Chemist: 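My questions all concern the structure below.
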Protein chains: 2
Amino acid sequence: MASGSAARKPASEPLVVLEEFLPYRLNVLAGLTSSALAQIYAERFGLSIPAWRVIVTLGQYECRTARDMAPDGVMHKSTVSRAVSALEKRGLVKRRPNLDDRREEWLALTPEGRAIYEAVAPEALAVGERLLSVLTPQEQKTLSALIDKLTRQARMLAPQDAEGEEA
Amino acid sequence: MASGSAARKPASEPLVVLEEFLPYRLNVLAGLTSSALAQIYAERFGLSIPAWRVIVTLGQYECRTARDMAPDGVMHKSTVSRAVSALEKRGLVKRRPNLDDRREEWLALTPEGRAIYEAVAPEALAVGERLLSVLTPQEQKTLSALIDKLTRQARMLAPQDAEGEEA
DNA sequence: TGTTATTAGTTGCAGTAGCAACGAACGGAA
DNA sequence: TTCCGTTCGTTGCTACTGCAACTAATAACA
């Protein structure tokens with residue numbers, strides 16, 4: 001009886017309280033920040049998340065694809081491959097064969113690609129700063145250290161590399 | 001010239017350093033923890049992430065679907081709908097019409113569903129604890145508070161609700 | 001040298017996500 | 001009651017993701 005009030009009443013022994021479960025909370029937070037960022041690079045520049053990462057990486061260095069783009073297994077190599085293809089098709093990235101090792105190819109931003117980079121990057125940074133603005137500088141340092149610790153540990157617990165999905 | 005050494009050399013003015021960019025790091029961490037968790041509920045129990053969330057929520061309360069399952073826009077309602085359908089088909093969740101409002105339906109775990117819940121939950125918790133084991137209790141408290149702060153802020157910056165994707 | 005293992009990158013396939021449109025049911029106001 | 005706006009939930013469509021299999025090139029070793 002009293003069917004209505006049973007809805008939110010906890011069951012006898014809730015083994016996991018989702019709202020307190022760290023992986024869940026991390027995923028919610030990561031998803032929200034992604035949404036905030038996606039507004040910028042997706043809606044306004046037509047970039048997917050992998051494409052955005054490629055652009056930023058190439059804006060930072062001038063490196064080669066796949067393994068360099070996902071050195072820690074953050075992106076799957078097929079993901080990188082497709083992102084690069086798309087960017088090349090749009091004329092934002094250029095491939096150049098590596099004569100020393102013809103399995104791989106050097107990637108670099110074209111002038112158009114760099115223009116986009118220089119337009120997106122500051123806005124993305126601004127979002128990051130707006131996010132962090134609720135933390136004191138000290139808290140930001142602490143957070144950074146905690147994330148590093150957890151990431152190291154998570155890397156040990158995860159299959160071997162792999163990433164993606166949510167939880 | 002010296003083409004090889006240019007690969008990792010930073011460009012003149014790297015506007016964004018991906019490895020230091022908070023949204024990126026959050027996503028990497030969240031992805032890694034998801035992978036660790038997925039090993040359990042996906043490979044061993046055949047549950048998708050949304051299904052896992054539904055199971056846990058129903059193990060915690062005895063609530064109704066969709067809006068209750070995603071009160072903060074963490075999951076899209078279509079995602080919840082499909083997860084529930086799949087779980088119902090497997091006999092892990094049962095629907096019961098809500099006579100007070102026939103738009104919605106009450107959901108509850110079946111005995112089989114609860115059995116799975118009681119098998120998965122402790123293992124998932126263990127993964128969470130193993131993750132947190134690299135932090136002191138004090139650090140865990142701090143982290144929790146920081147995540148809360150950031151989540152609140154991110155919720156303000158994100159479109160309106162929405163979630164998903166990565167970055 | 002030849003043989004085998006490893007690595008960079010691509011692509012077919014299948015599963016899954018979100019969006020948007022839809023139907024059904026409710027609530028409020030005239 | 002009727003009409004309009006809102007909400008719960010489902011479903012078609014499309015796009016994306018990861019996996020696994022594959023090619024091509026290199027490395028390691030006998």
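Everything quoted here is computed from the prediction, not taken from an experiment. Residue numbers begin at 1 in each chain, while the letters A, B, ... track the order of the sequences.
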Chemist: Send over the distance from Glu43(A) CD to dG18(C) C1', rounded to a whole Å.
Modeler: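 The answer, rounded to whole Å, is 13 Å.
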Chemist: Without decimals, in angstroms, what is the distance between Arg64(B) CZ and dC26(C) P?
Modeler: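 The distance from CZ of Arg64(B) to P of dC26(C) comes to 13 Å, rounded to the nearest Å.
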Chemist: Can you measure Glu88(B) atom CD to dG9(D) atom P for me and round it to whole angstrom units?
Modeler: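 Rounding to the nearest Å, CD of Glu88(B) and P of dG9(D) are 13 Å apart.
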Chemist: Just how far, in rounded Å, is P of dC16(D) from OH of Tyr41(A)?
Modeler: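 It is 13 Å, rounded to the nearest whole Å.
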Chemist: Ser81(B) has a side chain; which of dA25(C), dT10(D), dC19(C) sits nearest to it?
Modeler: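 So the side chain of Ser81(B) is nearest to dT10(D).
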Chemist: Whether the Thr136(B) and Gln138(B) side chains hold a donor-acceptor pair (N or O, under 3.5 Å, no angle test) is what I'd like checked.
Modeler: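 No.
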Chemist: By nearest atom, which of the nucleotides dT11(C), dT17(D), dC19(C) is closest to the Ser78(A) side chain?
Modeler: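 Nearest nucleotide to the side chain: dT11(C).
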Chemist: Taking the side chain as C-beta and beyond, is there a heavy-atom pair between Leu132(A) and Leu22(B) under 4.5 Å?
Modeler: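 Answer yes - side chains close enough.
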Chemist: Starting at CZ of Arg53(A) and ending at P of dC16(D), how long is that distance when rounded to a whole Å?
Modeler: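 Going from CZ in Arg53(A) over to P in dC16(D) covers 15 Å.
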Chemist: At their closest point, which heavy atom of Pro97(A) faces which heavy atom of Trp106(A), and how far apart are they?
Modeler: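 Of all heavy-atom pairs spanning Pro97(A) and Trp106(A), the closest is O-CD1, 3.9 Å.
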Chemist: If I take atom CH2 in residue Trp52(B) and atom P in nucleotide dA17(C), what distance separates them, rounded to the nearest angstrom?
Modeler: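 After rounding, the gap between these two atoms is 16 Å.
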Chemist: Closest to the Pro50(B) side chain: dA17(C), dA25(C), dA21(D)?
Modeler: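 The closest nucleotide is dA17(C).
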Chemist: Identify which nucleotide among dT7(C), dA24(C), dA17(C) has an atom closest to any side-chain atom of Arg103(A), counting heavy atoms from C-beta outward.
Modeler: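 Comparing dT7(C), dA24(C), dA17(C) against the side chain of Arg103(A), the answer is dT7(C).
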Chemist: Mapping Ser85(B) and Ser48(A) onto DNA chain D by nearest heavy atom, which one lands closer to the 5' end?
Modeler: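 Between the two, 5'-proximity favours Ser85(B).
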Chemist: Where do Ile116(B) and Arg90(B) land on the side chain to side chain contact (heavy atoms under 4.5 Å, CB included) test, with the steps shown first?
Modeler: CA-CA 12 Å; Ile116(B) 284 206; Arg90(B) 279 181 62 186; 3.9 Å; yes
Chemist: Would you please confirm or rule out a distance under 4.0 Å between OP1 or OP2 of dG18(D) and any side-chain N or O of Thr79(A)?
Modeler: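 Looking at the OP1 and OP2 atoms of dG18(D), one of them is under 4.0 Å from a side-chain N or O of Thr79(A).
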Chemist: Give the rounded distance in Å between these two atoms: CD1 of Ile49(A) and C1' of dA15(D).
Modeler: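 After rounding, the reported distance stands at 12 Å.
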Chemist: Go nucleotide by nucleotide along DNA chain C from the 5' end; which of His76(A) and Asp101(A) gets its closest nucleotide reached first?
Modeler: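 In this pair, the answer is Asp101(A).
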Chemist: With the side chain counted from C-beta on, respond yes when Val54(A) and Met69(A) share a heavy-atom pair under 4.5 Å apart, and no when they do not.
Modeler: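 Result yes, sub-4.5 Å side-chain heavy-atom pair found.
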Chemist: Could you state the CG-P distance from Asp100(B) to dA24(C), rounded to the nearest angstrom?
Modeler: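 Atom-to-atom, Asp100(B) to dA24(C), this comes out as 21 Å.
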Chemist: Does the side chain of Arg102(B) get closer than 4.0 angstrom to OP1 or OP2 of dC26(C) through an N or O atom?
Modeler: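 Yes.
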Chemist: Do Arg82(A) side-chain and dG18(D) base share a donor-acceptor contact under 3.5 Å?
Modeler: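 Such a pair is found, so the answer is yes.
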